[in-house]
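When reading the values below, keep in mind they use all heavy atoms of this one structure, side chains included, and skip hydrogens, waters and symmetry mates.
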Amino acid sequence: MTSPDVLVRVATARGVTTLTLDSPHNRNALSTALMTQLLAGLADAVADDAVRAVVLDHTGPVFCSGADLKETAAAYATGSVPAGMLGDVLTALWDCPKPVLARVGGPARAGGLGLIAAADLAVCADEATFAFTEVRIGVIPAVISATVLPRLHPRAAAELYLTGDTFDGRRAAEVGLVTASVPADRLDEAVRRYCDSLVRGAPRALAGAKELLRRPGTAELRDDLARLSALSTGFFLSDEGREGVMAFREKRPASWVPALEAEHGDHAR
């Protein structure tokens, strides 16, 4: 039986670690305890060479309701609120060298949207709802803006930040918050399809591809192309690059592709 103190469940199968927010009593609110466990689970996944991708999932009908306002209220006397830790969580997700996919089966609010935006890919149910509710309680979506604003179309960001209005999964996909929105009964299938694709990527190449996606766009073109050319050459000459080219030529899976019919290193904590 799972301990009531476990707020993030961890399971690994077929090269994918799933981190499941498991605090349905408060709608998976971002308490200090939950965020601490999420950081630990993510660090373990990064350190495990058998893990190729990470899925951020949830129990209960709500993906994440945002900051734990009960804990926040209790912490006011100390002058330090739990929301201050959210930056560490978003940084860890954003900088994770392995692809992170958010599976969103239900509502997300405030800080929960920061988690979704920090993931490389996000798939939600059409029926899921979203809202940047901060202005309605007298605060602003400051910390999550670091991950959210690079995803959202500017006009949509202005509308959604300023109004706090609720929007559905289809709108979330239209404005760039999520990768795809699908009917609820196809959500797991969509997540599985993405994971099957992700584990076919070479680990070092996936990390390198993520660096490309994160690189600033201010470098001079000539210098940037020289650096990128050297980077590309390095990957082609690496052991993974050589194996990938050879596997393509031989029409076989590369050595890093796990056997999808066999579960590798299954465990739960």
Can a donor-acceptor pair be found, under 3.5 Å and without considering hydrogens, that links the side chain of Glu211 to the backbone of Leu206? no
For Ser255, is there any backbone N or O sitting under 3.5 Å from a side-chain donor or acceptor partner on Glu243? yes
Same cluster for Leu30 and Leu39 if Ile/Leu/Val/Met/Phe/Trp/Tyr side chains link at under 4.5 Å? yes
Once rounded to the nearest 0.5 Å, what's the spacing between atom CG of Leu115 and atom CG of Leu21? 7.0 Å
Begin from the C-alpha positions of Val10 and Gln37 and carry the test side-chain contact (heavy atoms from CB on, under 4.5 Å) through to its verdict. CA-CA 10 Å; Val10 183; Gln37 293 179 28; over 6 Å; no
Determine whether more than 12 heavy atoms belonging to other residues, nucleotides or ligands lie under 6.0 Å from atom CD1 of Ile137. yes
Would you say Phe167 ends up clustered with Val62 if hydrophobic residues are merged whenever their side chains have heavy atoms under 4.5 Å apart, either directly or through other cluster members? no
When rounded to the nearest 0.5 angstrom, what is the spacing between CG in Leu113 and OG in Ser145? 11.0 Å
Could you check whether Asp68 pairs with Arg27 (Lys NZ or Arg NE/NH1/NH2 to Asp/Glu carboxylate O, under 4.0 Å)? no
In short, Ala110 meets Gly66 closest at the heavy-atom pair CB-CA, 4.3 Å
Is it possible for you to say whether Val55 and Val46 belong to one hydrophobic cluster, with membership spreading through side-chain heavy-atom contacts below 4.5 Å? no
Closer than 3.5 angstrom, by distance alone: can the side chain of Arg242 be matched with the main-chain N or O of Leu237 as a donor-acceptor pair? yes
Do the non-hydrogen side-chain atoms of Leu19 and Leu38 ever get within less than 4.5 Å of each other? yes
Less than 4.0 Å between a side-chain N and a carboxylate O, is that true for Glu127 and Arg170? no
Provide the closest heavy-atom pair for Gly112 versus Phe63 in the form atom of the first, atom of the second, distance. O-CE2, 3.7 Å
Between Asp95 and Arg214, is there a side-chain N and carboxylate O pair less than 4.0 Å apart? no
Spacing of Leu177 atom CG and Cys124 atom SG [to the nearest 0.5 Å]: 8.0 Å
Residue among Thr12, Leu198, Asp120, Leu42 satisfying side chain to side chain contact (heavy atoms under 4.5 Å, CB included) with Val54: Leu42
Taking atom OG of Ser31 and atom CG of Asn26, what is their separation to the nearest 0.5 Å? 6.0 Å
Are Arg204 and Phe235 in a cation-pi contact, defined as NZ or CZ under 6.0 Å from the six-membered ring centre and within 45° of the axis? yes
Is there a donor-acceptor pair under 3.5 Å between the side chain of Thr147 and the backbone N or O of Ile144? yes
Is a side-chain donor or acceptor of Asn28 paired with a backbone partner of Ser65 at a separation under 3.5 angstrom? no
Regarding Arg109 and Glu134, does a basic nitrogen lie under 4.0 Å from an acidic carboxylate oxygen? no
Mark yes or no for whether Lys98, through its side chain, and Pro203, through its backbone, hold a donor-acceptor pair below 3.5 Å. no
Is the backbone N or O of Leu7 less than 3.5 Å from a side-chain atom of Asp22, with the two atoms forming a donor-acceptor pair by type? no
Heavy-atom check, side chain of Lys210 versus side chain of Pro97, under 4.5 Å: no
Interatomic distance, OG1@Thr17 vs CG@Asp48, rounded to 0.5 Å, equals 6.0 Å
Considering all heavy atoms of both residues, which atom of Gly169 and which atom of Phe130 are nearest to each other, and what is their separation? CA-CE1, 3.8 Å
If you count every heavy atom of other residues, nucleotides or ligands that lies below 6.0 Å from Arg252 atom CZ, does the total exceed 12? yes
Check whether Thr179 reaches the backbone of Ala122 with its side chain - one donor and one acceptor, N or O, closer than 3.5 Å. yes
Between Trp256 and Arg200, the two heavy atoms sitting closest are NE1-O, 2.7 Å
Parallel, tilted or perpendicular, as decided by the 30° and 60° cut-offs, for the rings of Tyr161 and Phe132: tilted
What one should report as the nearest heavy-atom pair of Ala202 and Glu240 is CB-OE1, 3.3 Å
Arg171 pairs by side chain to side chain contact (heavy atoms under 4.5 Å, CB included) with which of Leu160, Val178, Thr129? Leu160
Which pair of non-hydrogen atoms, one from Gly106 and one from Ala128, has the smallest distance, and what is that distance? O-CB, 3.6 Å
Is there a path of hydrophobic side-chain contacts, each under 4.5 Å between heavy atoms, that joins Leu93 and Leu149? yes
First locate atom OG1 of Thr32, then atom CG of Leu86, and finally report the distance between them rounded to the nearest 0.5 Å. 11.0 Å
Residue pair Asp165 / Arg136, side-chain heavy-atom distance below 4.5 Å: yes
Are Val8 and Val104 connected in the hydrophobic side-chain network, where two residues link if heavy atoms are under 4.5 Å apart? yes
With the side chain counted from C-beta on, respond yes when Leu187 and Arg103 share a heavy-atom pair under 4.5 Å apart, and no when they do not. yes
Determine, for Asp126 against Arg186, whether the closest basic-nitrogen to carboxylate-oxygen distance falls under 4.0 angstrom. no
Okay, side chain of Arg14, backbone of Val199: is any donor-acceptor separation there less than 3.5 Å? no
Side-chain donor or acceptor of His58 paired with backbone N/O of Gly105 under 3.5 Å: yes
